[in-house]
Amino acid sequence: MDKMRLVLAFWLWLPVGICCAEDIVIADFEQETYGDWAVTGTAFGPGPARGTLPHQMIVEGFLGSGLVNSYFEGDSSIGTLTSPEFQIGRKYIAFLIGGGQDEDKLALQLLVDGQVVRSSTGPNDKAGGSEALEQQSWEVTEFVGQKAVIRIIDQATGGWGHLNVDHIVQTDTKPKGLASNVERTFPATTRYLHLPIKNGAKKRVVTLLVNGQPIVRNDIELADAEPDWWAPMEVQAWQGQTLTLRVDKLPEDSRALANIETSDSLKDATDLYREIGRGQFHFSPRRGWNNDPNGCVFYNGEYHLFFQHNPYGWGWGNMHWGHAVSRDLVHWEELGDKLLPDDMGPMFSGSAVVDWNNTSGFGKDGQPPLVLIYTAAGNPTVQGIAYSTDGRKFTKYSGNPVLGQITGGNRDPKVFWHEETKQWVMVLYVEWQGKHTIHFFTSQNLKEWQLASITNGDAPGGRFLFECPDFFELPMDGDDARKKWVLLAADSNYAVGTFDGKQFLPDATRLIGQRGKGFYAAQSFSDVPDGRRILIGWWQTETKGMPFNQSMTVPLELKLTQTDDGPRMTFEPVKELEALREKSHRFELTSLQPGDKNPLDDLRAELVEVRVEFEPGDATEVVFNIRDVMVEYDCVKQELSVAGHRAPAPLIAGKQRLVIYCDRTGVEVFASDGRCYMPMPYNTNRENQRLFFETRGGTATIRWLEVHELKSAWR
Ligand code: FRU
């Protein structure tokens, strides 16, 4: 080696030698037992935990397979865990920590000379939160050379009464820790701030401040590096003011705040509404998660559809009321979030009414107000109202809440005007005395409510009715002189009965509504001009890889019909959906038997509506294959099967009529004149646009068959 090289090698080696001695692992908790650590009490169990303990949320962020997890036997157990003495030989002690927050009762401590000189606790101080461990460290230069011990204490017994700890190391390299209350300020000159989201990342508490005043807080899976998608935060309302985003904790090297961009349009949205996973005629939000439809109402020439929206996540959370409008129930325009979480909590489900007589006094210049009635799901969980006279801008009532908490499980107010008794009626779901109940309240002005009755919505001994109630009158077989009240629950089970303005009396035990999958929390529209009862449901269509998730069903017209078994509700697609038809095919076909050529052989269609009427004859099955989704009618059992999911679908006057809608996110099948409605989420394969129609076992008489190629409802 020549001299030059020798010098170079020396200099390369030297800084390493001086600056950074090797890390010393104090404990990695990878063994079966705690070894020579001293244990008291029971909270720490017989040895390090292997991850999550029974009944615990998923514990993540530890290294290897073991960690200290003081949830042994639940939150109520207590104890201490103390290390053998060691010598402090590095500038920092780094560790991973998670669990409950309580500086006195839940702590990882460093003791020198028997005194606590450093202490850290977990991040969680309220229900929810996360079991994830995160990096923290102590600077300990002043104690180098001294003897110390590490002690972990769990003296907490309530919710979050445990601590998670792992990988305690002495190091000279300053560990990347978490910075607290990290902020970035933006001049409000654009419509959106685009937040980088990483699905599954640790949720950070992100507060929006306007001129220094906190406006709204959300729990957001911020991407520290590359995001999966961008969530638009709408800041138009604060133009010209100073916006600050404050994040409770962020890794020091996180790029989350720096990566936020501002603009007037959605980011990465060149294919908006044409995305491969986007339902083309089922409403879904541009970005984020939706669940229940809320505030369904017709007002000033528009149908309003509000919905449970998480603008900042692919999963449930941060409940806002998103908002969309339509003139025809087919083409929807999303307008942005209208009810944001506030001091009373996140905005859970509720309904809307047009206050024609201005009983609330919210009307202006003769314009009746649109009033939203919602649940603010904080602690306590209460009911509030908000109003608008233009259907665009909504103001929360300053006298909220209009109904205090009955029990923590009270939610989802559905309100309507009861003309006979000239009062407002609220139908509220209440978990009460260990039961799912419906409480009826009445009001003159939407602001003060009196309890009128309580029911489990069923005949004695019947099943209980669960959340998101809807309640309306339907004429029997179209006869307005024979109307019946229907109480409908989130699972779409329903009871038919009578109502006197105070009390609902079911005629019989509860009935089963829809027969498919992923249909939940449906709500009907108030004030539909032609008096139809139109329902729209949350459709649990999962769209992995998309910057949005879930959708709504098509709007459904509800009717009541008298059958041999008693009154039954029927579900049919609204006639407005005909506007989607782009190219229609009618088939001159009178019969179909096994071995016949596939009548639909020449067709290729992605979005499609199929309608058929047949008499089974001696066919045992009449079968459609719609782009790989099997829709099979069993003529013998009189059952419909969609993608293998079966339900009764009786022949009516010897005939069966099927209506099939196929979108990118699934199919909705209607049989037996709406008595059997089967929505089925299904991620269809875009490549396969083939349709088949056949019979099995014999010849069926085909009365008519039509196939409509549909266009997208998105403009
Ligand atoms: C039903 C539901 C409602 C609640 C809402 C919260 O899906 O649980 O009861 O109001 O969702 O998003």
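Atoms within a ligand are numbered from 1 in the order they appear, just like the ligands themselves. Below, all heavy atoms of this structure are taken into account, side chains as well, without hydrogens, waters or symmetry copies. Here, residue 1 is the first one in the sequence, and each next residue gets the next number.
- Residue-to-ligand polar distances keep Tyr520 apart from ligand 1: every N/O pair is separated by 3.5 Å or more.
- In this structure, Arg515 is not positioned above the aromatic face of Tyr677 in the sense of NZ or CZ being under 6.0 Å from the six-membered ring centre and within 45° of the axis.
- Using modelled atom types, one finds no donor on one side chain facing an acceptor on the other under 3.5 Å when comparing Thr498 with Trp485.
- Ligand-side atoms of ligand 1 in range of Phe348: 4 (C), 6 (C), 10 (O), range being under 4.0 angstrom from any heavy atom.
- Atom 2 (C) of ligand 1 has its closest protein heavy atom at Asp292 OD2, 3.4 Å.
- The residue from Asn318, Asp412, Asn290, Asn294 that puts a heavy atom closest to atom 4 (C) of ligand 1 is Asp412.
- For ligand 1, the atoms closer than 4.0 angstrom to any heavy atom of Trp538 are 7 (O).
- Gln383 and Thr375 share a side-chain donor-acceptor pair at under 3.5 Å.
- Side-chain contact check for Trp289 and Asn318: no donor-acceptor pair (N or O, by modelled atom type) lies under 3.5 Å.
- In terms of protein heavy-atom proximity, atom 6 (C) of ligand 1 is closest to Gln308 OE1, 3.2 Å.
- Under a cutoff of 6.0 Å and an axis angle of 45°, Lys203 and Tyr312 do not form a cation-pi pair.
- In this structure, Phe471 and Phe416 have tilted ring planes: the angle between them lies in the 30° to 60° band.
- There is no side-chain donor-acceptor pair under 3.5 Å between Glu542 and Gln550.
- The shortest N/O to N/O separation between Ser349 and ligand 1 falls below 3.5 Å.
- Using a non-hydrogen distance threshold of 4.0 Å, Tyr429 does not register as a contact of ligand 1.
- Within the structure, the closest approach of Cys468 to ligand 1 falls below 4.0 Å when heavy atoms are considered.
- Distance check, rounded to the nearest 0.5 Å: CE of Met319 to CG of Asn218 gives 10.5 Å.
- Put simply, no part of Thr375 is less than 4.0 Å from ligand 1, judged by heavy atoms.
- The atoms of ligand 1 that sit less than 4.0 Å from any heavy atom of Met319 are 12 (O).
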